[in-house]
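Notes follow the structure.
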Amino acid sequence: MDVLEKMRELVNKLNEYAYHYYVLDNPIISDKEYDELYDRLVTLERETGVVMSDSPTKKVGGEIITAFKSVTHRSRLYSLDKVKSEGELYEWERRILKAVRPDGYTVEYKYDGLTLVLTYEGGQFMRAVTRGNGIVGEDVTAQVLTIKSVPLSIPFKGAVEVQGEGLMRLSELKRYNETAIEPLKNARNAAAGAIRNLDPKETAKRNLDIIFYGVNYIEGERLESQQQAFEFLKKNRFRTGHHVFCGDIKAVMDEIRKIDEKRHSLDFMIDGAVVKVNSFSYREALGYTDKFPRWAVAYKFEAEEITTIVEDVVWNVGRTGKLTPLALLSPVELSGATVRRATLNNYIDIQRKKVKKGCRVLVRRSNDVIPEILGATEYFPGNEEIAILSKCPACGFGLHFDSINLFCQNYYGCEPQIVGRLEHFASKDAMDIEGLSEMTALQLHRELGVHYPHELYHLTEADLLRLEGFKEKKSRNLLDAIQKSKDTTLERFLYALAISNIGRKSASDLANRFGTLEKVLSATAEQLLEIEDFGEIMTRSILDFFGSEYGKIAVKGLLDAGVRVKGAEVNAGGKFAGEAVVFTGSLSSLTRSEAQQLVRREGGVIFQSVSKKTTLVVAGEDVGSKLDKARQLGIKVIGEAEFLERLR
Ligand code: AMP
Ligand code: ZN
C-alpha cells in the first residue's frame with residue numbers, strides 16, 4: 001500500500017472513531033489506541049507534507065486569521081415568531097389552520113447558542129458561516145473546523161447547507177472556569193466569543209459543539225419533511241438535536257411541558273422549544289413574513305438569566321465574623337419570582353466580576369434562594385467602584401483580610417456575630433435548644449446582655465419574664481430546653497462552637513479522630529492535617545479558635561456551666577480498633593466515604609496520607625503514590641476483597 005493510501009485509511013478510521021466518540025457518545029476504541037493512530041497520522045503528514053482535506057489533525061486549530069469574510073447564504077435565514085403560553089400557542093395554530101391543515105409538527109429544543117450554517121460540496125466540508133443579518137454572514141470556517149463533532153467529509157455528494165446551533169456544554173464551561181483567570185459568564189457568550197475569536201487555537205480550547213436541526217438548501221435530493229431532514233442529518237453523521245413528532249397541537253403542548261421540566265438537567269442551555277410544521281408542502285403553502293416563517297414558532301420558557309441594575313452593595317456579618325457582600329438590585333422578574341438581591345461571594349468575587357455600584361449585571365436563578373450575579377454587562381457614567389471595607393459595618397471594628405474574605409475580629413462586641421452564634425449554638429444539629437430563634441437570640445443579647453453561649457445556662461425565669469412576648473409558659477419551655485441541652489455529644493459540641501470553616505462533617509471527623517474534648521483541645525497542626533479532607537485553612541481555623549481569648553472563655557464557660565460532653569463512641573472491640581487506615585484508589589462495591597464510615601464505626605481512624613503512624617492501607621483500583629510510600633515504610637496493604645472480608 002502506498003503512503004497516501006495508508007494515510008487515507010488512517011483518516012477514515014480516525015474519523016469513524018471520532019464519530020462514535022463525539023457524535024454518538026459511544027466510543028468504540030480506547031483513548032490510547034486512538035492516540036496511537038493519531039500520532040501515526042501526524043508523523044506521515046509531516047513526512048509527506050500532505051494533509052488530507054478531512055484529516056482530524058485540522059481540528060487543533062489553524063493559523064490566526066486577520067478578519068472574517070462576508071458570505072451570502074444560499075437560503076435566507078429567518079428569526080422565529082414567539083409565544084409564551086399555551087393560549088398563545090393555540091392562537092398560533094388557529095392562524096395556520098386558516099390556510100392549511102398540517103399532518104403534524106415536530107417539537108425541538110430551542111438551543112441557546114449561535115446559529116451556524118455549514119456548506120458541503122462533493123462530500124467535503126467547504127465553509128461555516130454565522131447568521132449575520134440572515135442574508136449575509138461571516139465566514140468562521142477556521143473556527144468551526146476545531147469542533148470535534150463536526151464531520152469534515154460526509155457520504156452525501158451534492159451541495160448542501162445545514163443549520164445548527166454552536167454551543168458550549170455546561171460541563172465544559174465549568175471545567176474551563178475552574179482554571180480560568182477570567183471566568184466566562186454564561187455558555188452562550190462563551191460560545192459566541194469563541195467563534196468570533198480570530199485565533200482558531202483559542203476557539204479549540206473551548207471545546208464547542210454544534211447540534212444540527214435544519215437542512216436549508218440541498219441539491220440532488222428531495223426532502224419532504226422535517227423528519228426526513230433529521231434522517232438526512234443523521235445519515236450524514238451530524239449530531240442532531242432533540243425532535244419529537246406530534247400529531248396534534250395538544251401533543252405538542254404536552255411535549256413542551258416535558259421539555260420545560262427537564263431543561264435544568266441538560267448539559268446545555270435551551271431557552272424554549274421550537275414547533276415546526278412537519279411537512280414541507282404545507283410549509284411552502286404557509287410561506288414567510290418578512291421576519292419569520294409562518295410554519296414555525298418558538299415557545300419561550302421563563303428566563304433563567306436576566307440583567308438588572310446594582311443599586312447598592314451591603315455587607316452582612318456572619319456568626320464567624322465573615323463579611324458577605326449582598327447586592328441590592330432594581331427588582332426584576334426571573335423564573336416567576338421577583339428578585340431584589342443577589343449574592344457576591346466575597347470581595348475577590350466582586351473584583352473578578354467587575355461589579356460597580358450602578359452598573360448592569362447578569363443575574364441567574366440558582367438552586368439557592370438568593371440568585372447569583374454572573375458579571376457586569378454594562379457601565380454608565382458615574383458608576384462607582386465597590387471599595388474594600390476597612391471597618392465592620394455593624395460595630396466599627398477594624399477588619400482582617402485573608403486575601404479572599406474580610407473578617408470582623410470583634411468577637412465579643414459585634415452584634416450580628418453574637419446573635420448569629422447564639423442562634424447557631426441552639427440550632428437542631430448543634431445543641432438543639434428548641435424555641436431559641438434568631439429573634440429570641442437578639443432579645444437575649446440586647447435586653448439581657450448575653451454574649452457567650454454559656455451565659456444561656458445562667459438565665460433565670462425572672463430574666464426571661466422581662467422580655468417582650470415572654471409569659472410564664474414560654475419562659476419555662478425555653479429554660480427546660482436549655483437545661484436539656486446540657487447532655488450532649490462531642491460532635492454536636494464542636495459544631496455548636498461556630499468555628500469558621502468547621503461544619504457538621506468536619507466536627508464529626510474531629511470527634512471521631514480524637515475521641516475526647518481534651519484531645520481535640522490539645523491537637524497539633526500535624527495531627528489535624530492528617531485527617532482526611534482537612535487542609536491548611538481548616539487546621540488554622542481550629543487552632544486559632546481554641547487559642548483565642550474568645551474560644552477559651554467559650555469552652556471553659558460551657559464546661560463550668562455544667563455542659564457534659566460525651567466523647568465519640570470508640571468501638572474498642574471493633575474490627576478496626578487501634579488501626580490508622582489510609583485509603584487509596586477507587587473501590588468498586590462501595591464509595592470511599594462509605595468504606596471510611598465502616599472503618600470508623602469499627603473503631604478505626606482514617607488518615608489522609610501514609611506516614612509512620614499508618615497501620616493499614618486499603619488499595620482499590622488506579623492506586624497512586626500512596627501505595628509506593630506504604631511499601632517503602634513496610635505498612636500492611638490489603639485489597640478491596642480482603643477489606644470486605646475483614647468487615648464481615
Ligand atoms: P430568535 O433569534 O430568538 O428569533 O430565534 C431564532 C433562532 O433560534 C435561530 O436563529 C436559531 O439560531 C435558534 N434555534 C435554536 N434551536 C432551534 C431549532 N431547533 N430550530 C430552529 N432554530 C433554532
Ligand atoms: Zn463587627
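By convention here, the first residue in the shown sequence is residue 1. Computed from a predicted model, the values in this text were never measured in an experiment. Read the numbers this way: they start at 1 and go in the same order the structure lists the ligands and their atoms.
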Side chains of Asn207 and Glu172: do they bring a donor and an acceptor to under 3.5 Å? yes
Closest approach of Ser70 to Val136 (non-hydrogen atoms, all atoms of both residues): CB-CG1, 3.7 Å
Using every non-hydrogen atom in the two residues, find where Tyr347 and Ile386 come nearest and quote the distance to one decimal. CE1-O, 3.6 Å
For ligand 1, indicate whether the residue [X] contacts it via side chain, backbone, both or neither (heavy-atom separation under 4.0 Å).
X: Tyr213; result: side chain
X: Lys110; result: both
X: Phe292; result: neither
X: Leu80; result: both

Find out whether the Lys NZ or Arg CZ of Arg127 is both under 6.0 angstrom from the six-membered ring centre of Phe125 and within 45° of the ring's axis. no
If you define the side chain from C-beta out and look only at heavy atoms, does anything of Cys414 sit under 4.5 Å from Phe397? no
Any non-hydrogen side-chain atom of Asp112 less than 4.5 Å from a side-chain atom of Phe268? no
Hey, does Lys276 sit under 4.0 Å from ligand 1 if you only count heavy atoms? yes
Top protein contact for atom 13 (C) of ligand 1, by heavy-atom distance: Glu165 OE1, 3.5 Å
Nearest-contact summary for atom 16 (N) of ligand 1 - protein heavy atom, Å: Tyr111 N, 3.1 Å
Tyr120 and Phe156: aromatic ring centres closer than 6.0 Å? no
Measure centre to centre between the rings of Tyr412 and His451, then say whether the value is under 6.0 Å. yes
Any nitrogen or oxygen of Tyr78, main chain or side chain, under 3.5 Å from a nitrogen or oxygen of ligand 1? no
N/O of Leu114 under 3.5 Å from N/O of ligand 1, yes or no? no
With the Zn ion (ligand 2) at the apex, how many degrees lie between SG of Cys395 and SG of Cys408, rounded to 10 degrees? 100°
Distance under 4.0 Å to a non-hydrogen atom of Tyr109: what atoms of ligand 1 satisfy this? 16 (N), 17 (C), 18 (C), 19 (N)
Which of the ligand 1 atoms, numbered from 1, are nearer than 4.0 Å to a heavy atom of Ser79: 1 (P), 4 (O)
